[in-house]
Amino acid sequence: MFLNLLYVGYEGESGMLSNLTTSEAFFMIIVVSIAGMIVQWRLNSVMSKYSKVPMPTGMTGAEVAELMLRSNGITDVAVTHTGGYLTDHYDPRSKTVNLSDSVYNSRSIAAAAVACHECGHALQHAQGYGPLRMRSALVPLVQFSSQAAMWLIIIGLIMTASSGSQTLCWVGVGLMCVSALFSIITLPVEYNASNRALAWLESSGLLVDEELSGAKTSLRWAARTYLVSALSAIASILYYVALINGRSRD
Ligand SMILES: [Zn+2]
């Protein structure tokens, strides 16, 4: 749907994306936000459903993670416990797979799916997976650009009104593009980690049939949250481009 909107925007009167109005771009942001809420709601309900389905082997998320790492020849990554909900992550600096309360000690297939997904990131790191390296390289730049972009655009819009110069605005948009690029590079990283997790869960024989498809469903909905983030970043850029162009036409 979002892509259709993009296409409509692109094929508008003069065929220029820059002709998109602020209200059209704002509508895109609303659509993406609603999609985001639906995805989050589905993710919560899917996770809640499969966190009640026990692992056939009775293993905890932490035990499954240990087994996946060791059976892939990774011995220098530790599996640790971290607080919070959906805070599971792999930390490449400390080489730790951090599993949250609902995953570490849980003996459910949702916990196994999440644990293996994080181990998928550890495997990517060990094998020097390209998109992960690119994503890690962008982290310091994104921390700066996400903070600075909004301020530059606000000050830039004031300057546009007074002096007509749009330079600062476009620098701000450029920084927003860095954040959007980060969200886009995150997609192959996340989908690949899930694919590694599911391939291992299947080949190890830990999950079969319905349990395996439950793990697939859980990870598929988790991945969609990253897709929404990327679309949201693109929609925000289109909105500010329309806003800056609109100001200059006034
Ligand atoms: Zn991930």
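Just so you know, ligand 1 is whichever comes first in the structure, and atom 1 is the first atom listed for that ligand.
D91 and T96 share no donor-acceptor pair across their side chains, judged by distance under 3.5 Å alone. At a cut-off of 3.5 Å, with distance as the only test, a side-chain donor of H81 or D101 sits close to an acceptor on the other residue.
Taking 2.8 Å as the threshold, D88 does not count as a candidate ligand of the Zn ion (ligand 1), since none of its N, O or S atoms lies below it. For the Zn ion (ligand 1), the N/O/S atoms of H89 include none lying under 2.8 Å.
Relative to the six-membered ring of Y191, R196 misses at least one condition, a distance below 6.0 Å or an angle of at most 45° to the axis.
Aromatic pair H121/H125: ring centres not closer than 6.0 Å.
When the Zn ion (ligand 1) is compared with the N/O/S atoms of E190, atom OE1 turns out nearest. Summary: NE2 is the N/O/S atom of H121 found nearest to the Zn ion (ligand 1).
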